[in-house]
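When a residue number appears, it is its place in the shown sequence, counting from 1.
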Amino acid sequence: MAYKAPVRDLTFVLNEVLEIDRYSNQPGFADVSSELVGQILEEGAKFAEEVIAPLNRVGDLEGCKWENGKVTGPTGWKEAYQQMVAAGWPGLSSDPEYGGQGMPSIVGMAFGQMTAAASAAFSMYPGLTHGCYEALHANGSDEQKKTYLPKLATGEWGGTMNLTEPQCGTDLGMIRTKAVPNGDGSYSITGQKIWISSGEHDFTDNIIHLVLARIEGAPAGIKGISLFVVPKFFVTEDGGVGERNEGVGCAGLEHKMGIHGNATCVMAYDGARGWLVGQENKGMAAMFVMMNEARLGTGLQGLSIGTAAYQAAAEFAKDRLQGRSLTGPKNPDGPADPIIVHPDVRRMLMEARAFVEGGQAFILWTALQADLQRSEDEAVATKARDYMGLITPVLKAYLTDKGFHAASLAMQVHGGSGYTEHFPASQYLRDARITMIYEGANGIQALDLVGRKLPANGGRAIMTWFAEIDAFTAEHGANDSVKPFIDGLTDAKKKLQEATMWLMQNGMQNPDNAGAASTDYLNIFGLTALAYVWAQMALAAQKAVDGGSSDPFYAHKLATGRYFVERILPDAGAHLAKLKTGAEVLMALPAEAF
């Protein structure tokens, strides 16, 4: 089946739920109207559906090819990427000072949902480039910004992030890549980096690598890591492509379970020339800009793959004839009924749909917080920054978990057909699996949430969020038409608050308790977040119905939301019960017994 971008869902959230026209007084929103955003998304949908989506299967089958250090992408991918750059899509939310269009992040994230669903592997090329742009925009010197940002902002040049090495993944304090000063302001970078997405390809004239390395004599561990910009080609005085940086190259490609269309590279640095970004030994703080961008992008990617998988499963279920309805034939003139009549097939489709549509709204709500960080009202900006710190690990982990779950449900709906390569279910499942691992495995995200984000600033962020939900439920608690949504949110928030108190009482006295509880805590948090956005969507949909709208979209939205509240949200209770068991049962078995 052909992917169909969910423009109606996205514009509903932007215009009727979040009401983005209300933010015209905030930085970046002055020239943004709901009408303009609608036009952008309509055009973006055409690009995603007509240009990117047809290449997804090609990328899966062909993959990338490495020969003598050079990497070529799948058939048609280079041309599609260059078409994307020519149309201005990579620069949608980049700074106009460097050639971007200056749209708010929320618009870029809406477009990103469509491109990632059309082809997750393809979307990684512009996605990582934008992350590189953001890191240099935040931390680069004026000269570095002038040198690199104009071509990164537009996607004319590619960008990467180089963290992982063979001996270290999450524990970046073990990095061995070294940087030796050359005496002219540059450094010689030597070491090996692995799993570098988009590390080498033929789509762009230049690729700008951001590389973590340790300057000789720097302190051990995280405190001694610096960040360097290492271009594939040096940049000329007029901003063009100069000589090859001979010390940097791709030593090979990883053979992967999925995302075959993306070049996942082993990068070799052998005296490559690079330049320090920001201050010595402050590389992790600088790289965190790109890492957080990538975490949000990965959450978006996992959710988007789930969206495409759900669409394919729904189409299959309407076409596939198997068995008869338990309440009598629904297709009496045919040999069997379509499988969509069966309750358990409906269960799988509704579960995927409820997560997908809730996740779409959660991403856009979070993107709005990213934009509000730039508010001139310090209270608004502080609250948004607090939320971004708190929500990022939840969004990354929860939406990738559920995106993969949606892809798994979609395969099950396809039955035996889904296990073959004649249908897209297999690729969606394989592509979605990596999102739970990279940019910080989901267990690490849960530890980050519990160990760092919750206690930050004395717990200010979580307390602010609880207060916001309390104010929302108090305001709408008397609205009988959406009572199940308000009651569900109230109960989920209560469970999250109880889990938070348990962590405060038990996590400090035994850190293993916090570690053992972290994933269940993150799941309760994710369920509460989706309950919040579903309640907001229900209010907007009910408002349209009460206003006389006969558009079935609103009734369908309310029905899907009810499924979430009645069949998914109760899982919060199970997670709370498991969380309270603590670490004892997890740690009781000695290591040698495994």
Side-chain angles (χ1 to χ4, degrees), residues 6 9 13 17 302-303 306-307 309-314 316-318 325-327 339-363 394 397-414 432 469 473 476 480-496 498-499 519-542 545 552-579:
D9 282 317
V13 175
V17 179
L303 184 279
T307 303
Y310 159 74
Q311 287 187 10
F316 183 88
K318 287 185 280 190
S325 167
L326 298 174
T327 54
I339 63 172
I340 201 165
V341 306
H342 303 308
D344 197 58
V345 172
R346 288 290 189 105
R347 174 190 63 80
M348 292 185 283
L349 291 175
M350 288 297 290
E351 184 144 328
R353 179 171 177 149
F355 278 126
V356 160
E357 293 185 10
Q360 289 169 351
F362 184 30
I363 286 171
V394 179
Y398 191 71
L399 292 190
T400 57
D401 269 354
K402 299 312 173 186
F404 178 76
H405 181 54
S408 181
L409 290 169
M411 175 176 276
Q412 192 72 13
V413 170
H414 278 81
I469 292 175
T473 53
H476 301 290
D480 289 340
S481 59
V482 293
K483 190 175 188 300
F485 294 92
I486 302 303
D487 288 349
L489 173 59
T490 300
D491 184 64
K493 179 259 175 181
K494 181 181 177 182
K495 287 181 168 59
L496 181 60
E498 189 175 340
T519 291
D520 285 302
Y521 184 84
L522 187 143
N523 273 280
I524 302 170
F525 206 127
L527 285 162
T528 306
L530 259 62
Y532 187 29
V533 293
W534 265 118
Q536 293 176 64
M537 287 193 285
L539 278 169
Q542 191 64 50
V545 172
F553 173 86
Y554 297 111
H556 298 168
K557 189 66 69 176
L558 288 164
T560 305
R562 280 204 318 275
Y563 182 93
F564 175 82
V565 170
E566 295 176 18
R567 296 288 299 248
I568 296 175
L569 196 51
D571 289 348
H575 285 296
L576 179 60
K578 290 188 286 184
L579 176 149

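Nearest heavy-atom pair, L527 versus L569, reported as atom, atom and distance to 0.1 Å: O-CD1, 3.7 Å. Taking each heavy atom of S481 and Q542 in turn, the nearest pair found is OG-CG, 3.4 Å. Looking at every heavy atom in both residues, F485 comes nearest to L558 through CZ-O, 3.8 Å. Contact record, Y563 with A354: CD2-CB, 4.2 Å, taken as the closest heavy-atom pair. Scanning both residues, A432 and A407, for their nearest heavy atoms gives CB-CB, 4.4 Å. When all heavy atoms of H342 and S325 are compared, the pair lying nearest together is CE1-N, 4.2 Å.
One finds a salt bridge joining R347 and D344 here, because a Lys/Arg side-chain nitrogen approaches an Asp/Glu carboxylate oxygen to under 4.0 Å. Between E351 and R567, none of the side-chain N atoms (NZ, or NE/NH1/NH2) sits under 4.0 Å from a carboxylate O, so this pair counts as no salt bridge.
Atom CD1 of I486 sits about 11.0 Å away from atom CD1 of I469, to the nearest 0.5 Å. The distance from the CD1 atom of I524 to the NZ atom of K494 is 13.5 Å, given to the nearest 0.5 Å. The line from OG1 of T560 to CG of L349 is 11.0 Å long, rounded to the nearest 0.5 Å. Between the CG atom in L489 and the CG atom in L530 there is a gap of 11.0 Å [rounded to 0.5 Å]. The distance from atom CD of Q536 to atom NE2 of H476, rounded to the nearest 0.5 Å, is 8.0 Å. Here the NE2 atom belonging to H414 is positioned 9.0 Å from the CE atom belonging to M411, to the nearest 0.5 angstrom.
Under the 3.5 Å distance criterion, the side-chain polar atoms of N523 are matched with a main-chain donor or acceptor of T519. Using modelled atom types, one side-chain atom of R346 and one backbone atom of I340 make a donor-acceptor pair closer than 3.5 Å.
Side-chain atoms of F553 and D9, non-hydrogen and from C-beta on, do get closer than 4.5 Å to each other. Two residues are said to be in side-chain contact when any heavy atoms from C-beta on lie closer than 4.5 Å; Q360 and M537 fail this criterion. Considering only heavy atoms from C-beta on, Y521 comes within 4.5 Å of L496 through its side chain.
A search for ring-ring contact (aromatic ring centres under 6.0 Å, His included) contacts involving F404 returns nothing, not counting sequence neighbours.
Considering Y310, F362, W534 in turn, W534 is the only one that fulfils the side-chain contact (heavy atoms from CB on, under 4.5 Å) rule with E357.
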